[in-house]
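Order of the sequence lines sets the chain letters (A, B, ...), proteins ahead of strands, with each chain counted from 1. Just so it is clear, the model here is predicted, and its values are computed rather than measured.
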Amino acid sequence: MLDQKTVRTQPEAIAEALKKRGYSLDIAALKQLEAERRSVQGKTEELQQQSNSRAKNIGKAKAAGEDIAPLLAEVGQLKKDLAAAEHELAAVQASLETLLAGIPNIPADSVPEGLSEDDNVELRTWGTPRQFDFDVVDHVDLGDALGGLDFATATKLTGSRFAVMSGGIARLHRALAQFMLDTHISEHGYTEVNVPFIVNSDSLYGTGQLPKFAEDLFKLSDDRDLYLIPTAEVPITNMLRGDIIDDADLPLKFVAHTPCFRSEAGSHGRDTRGMIRQHQFEKIELVQFVRPDESDAALEGLTACAEAILQKLELPYRTVILCGGDIGFSSTKTFDIEVWVPSQDKYREISSCSSFGDFQARRMMTRYRNPESGKPELVHTVNGSGLAVGRTLLAVLENHQNADGSVTVPAALQPYMGGLDVIK
RNA sequence: GGUGGGGUGGCUGAGUGGCCGAAAGCGGCAGUCUUGAAAACUGUUGAGGGUUUGUAGCCCUCCUAGGGUUCGAAUCCCUACCCCACCGCCA
């Protein structure tokens, strides 16, 4: 959520900044609601004040032993007016709140112009896509031949966009998760957390998935208003919802390994083959809470942590900065890391690292006590995948495949595979 | 599942209808003292919002959340969520 005061007082400037996203802010509606809010709030507070002072007078009169009956008679109409005004105010504030909560974050200055992913800008590449001297097989056929990747059975168990892994591939998948987690803990200074995979709507509101993107989530039919997490970003970031953090504790860096559940509504027919787009996948998520002036550096650092995993796994990748039209709702700046997928002859997203500025912090009321002002001020949040495990598995299988259908285990993973160097 | 007790500021914890945005302590901040620090002492210290040129003043709201009673609610009633204790059941 953007700062209400800024939105209200400088709607034109906000609207201009949001154009970079291709978002058009309804200034007229905003101004109208704001004018209404102002008058209704003024009226309500005046009535509240009257009501308060009369109640006090009644208290004094009673204490003095006076007859309070005439005073009581006076407040009848006031109470009715006040109730009506409060009702009206609540309605206006709810409308304003809905409008404000639906406004996306403002892209950072460094975010390039553009409306689609075609306008994203490549920042750097690492490694060189391998030249194969045999016909490249995609991970679905590779996995099928190895007997460890089975989509048909998963369809029987659940439906489309699920997979059953077994044997060496299941172990490789687990090894990848462990390896990433260990690397971030011991080499990058993150604290491991283990969090719930089911969250309430307040948490989803805090990180920005709700109220706008409910259709992307799996909601439990249980009447407790609970959802499966679409990413560990939600539980980790919300750990500090409503809290005031000690300045000395910043920056806070957390890493978690969780499953992620996404309905993929609206992506029917996209990436239907293989592990690219699943309803359930595992991810190692990195989250940082930082002081406002440190978020740019934190985003660079966090992205480097994610890239380090790909380097250790000897997987070629490139890093792009998303253009204004392609960044997520809550993000002010996003770097996507894309791994080389040989069967598709192109780079595919494997990590998305974003800075949210104070956008999430404002929704969550997560603050730190600024030693200079002594006041609680909003922190900045930064997060990213480090990495998506399923897509990494796919990349390892395809990039390290051999002519005989076997897959070479990258050296970094071998300790996690009991020393195994080839999956056959 | 049963019974009972609770959820108050950064933290601990008082407060059972008006004098309570809220005692006290801790912590924080400022000062005195000190070569410096600690200790001690003194003062100060919740958050959000409205109005406003204003970090001035005035005003509103907030004691888990949502309803209710009342002229008036941290305080009484109802509901939800959470915590604690004991009992039962069980991995």
Roughly how many Å apart are [M] and [N], using the [atom1] atom of each and rounding to a whole number?
N     : M     : atom1 : result
B:G46 : B:U53 : P     : 27 Å
B:A74 : B:A56 : P     : 26 Å
B:C63 : B:G48 : P     : 16 Å
B:G9  : B:C62 : P     : 15 Å
B:G6  : B:A14 : P     : 11 Å
B:C19 : B:G13 : P     : 26 Å
B:G7  : B:U79 : C1'   : 16 Å
B:U8  : B:G25 : C1'   : 15 Å

Are OP1 or OP2 of B:G50 and a side-chain N or O of A:Lys5 less than 4.0 angstrom apart?
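For B:G50, OP1/OP2 do have a side-chain N/O of A:Lys5 under 4.0 Å.
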
When you measure from the side-chain N and O atoms of A:Lys43 to the phosphate of B:G50, is any distance below 4.0 Å, counting only OP1 and OP2?
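So the side-chain polar atoms of A:Lys43 never come under 4.0 Å of the phosphate oxygens OP1 or OP2 of B:G50.
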
Any strand: nucleotide that pairs with [N] via Watson-Crick or wobble, under 3.5 Å:
N     : value
B:G4  : B:C84
B:G43 : B:C29
B:C89 : none
B:U51 : B:G57
B:A14 : none
B:G21 : none

Can we call the ring centroids of A:Phe162 and A:His279 under 6.0 Å apart?
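Centroid separation for A:Phe162 and A:His279: below 6.0 Å.
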
Looking at A:Lys283, A:His139, A:Glu349, which hits side-chain contact (heavy atoms from CB on, under 4.5 Å) with A:Arg391?
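Running side-chain contact (heavy atoms from CB on, under 4.5 Å) over A:Lys283, A:His139, A:Glu349 with A:Arg391 returns exactly one hit, A:Glu349.
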
Integer-rounded Å distance: [N] [atom2] and [X] [atom1]:
X        : N     : atom1 : atom2 : result
A:Leu89  : B:G49 : CG    : C1'   : 11 Å
A:Gln4   : B:G49 : CD    : P     : 8 Å
A:Gln41  : B:U51 : CD    : P     : 7 Å
A:Asp247 : B:C29 : CG    : C1'   : 14 Å
A:Ile58  : B:C19 : CD1   : C1'   : 16 Å
A:Lys79  : B:C71 : NZ    : P     : 6 Å
A:Asn200 : B:A80 : CG    : C1'   : 13 Å
A:Met365 : B:A65 : CE    : P     : 13 Å

Between A:Lys56 and A:Pro376, name the one whose nearest nucleotide on RNA chain B is closer to the 5' end.
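With A:Lys56 and A:Pro376 compared, the 5'-side residue is A:Lys56.
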
Of A:Leu72 and A:Arg38, the one whose closest RNA chain B nucleotide lies more 5':
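So the residue in question is A:Arg38.
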
Taking only the side-chain heavy atoms of A:Arg367 (C-beta and beyond), determine which of B:G72, B:G10, B:G48 contains the nearest atom.
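Nearest listed nucleotide: B:G48.
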
Side chain of A:Arg8 only, please: which of B:G72, B:A47, B:G49 is the nearest?
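Of the candidates, B:G49 comes closest.
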
For a quick check of understanding: with a heavy-atom distance under 4.0 Å over all strands, which category does A:Arg362 fall into, base, sugar-phosphate or nothing?
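Touches nothing.
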
Classify the nucleic acid contact of A:Lys62 as base, sugar-phosphate or nothing, counting any heavy atom under 4.0 Å across all strands shown.
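Base contact.
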
Who passes salt bridge (Lys or Arg N to Asp or Glu O under 4.0 Å) against A:Glu377, sequence neighbours left out?
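Not a single residue meets the salt bridge (Lys or Arg N to Asp or Glu O under 4.0 Å) criterion with A:Glu377.
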
Do [X] and [Y] have side-chain N/O donor and acceptor atoms under 3.5 Å apart?
X        : Y        : value
A:Glu307 : A:Tyr317 : yes
A:Thr366 : A:Arg241 : no
A:Asn52  : A:Gln48  : no
A:Glu45  : A:Gln49  : no

Any chance CG of A:Asp109 has more than 12 other-residue heavy atoms, nucleotides or ligands included, within less than 6.0 Å?
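Check fails, neighbour count at 12 or below.
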
Can you label the angle between the A:Tyr190 ring and the A:His188 ring as parallel, tilted or perpendicular, going by 30° and 60°?
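Because their plane-to-plane angle is over 60°, the rings of A:Tyr190 and A:His188 count as perpendicular.
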
For nucleotides 59-61 of chain B, give me every protein contact, N/O to N/O, under 3.5 Å, one pair per line with atom names.
{"unit_1": "B:C60", "atom_1": "OP1", "unit_2": "A:Asn52", "atom_2": "ND2", "d": "3.3"}
{"unit_1": "B:C60", "atom_1": "O3'", "unit_2": "A:Gln48", "atom_2": "OE1", "d": "3.1"}
{"unit_1": "B:C60", "atom_1": "O2'", "unit_2": "A:Gln48", "atom_2": "OE1", "d": "2.5"}
{"unit_1": "B:U61", "atom_1": "OP2", "unit_2": "A:Asn52", "atom_2": "ND2", "d": "3.3"}

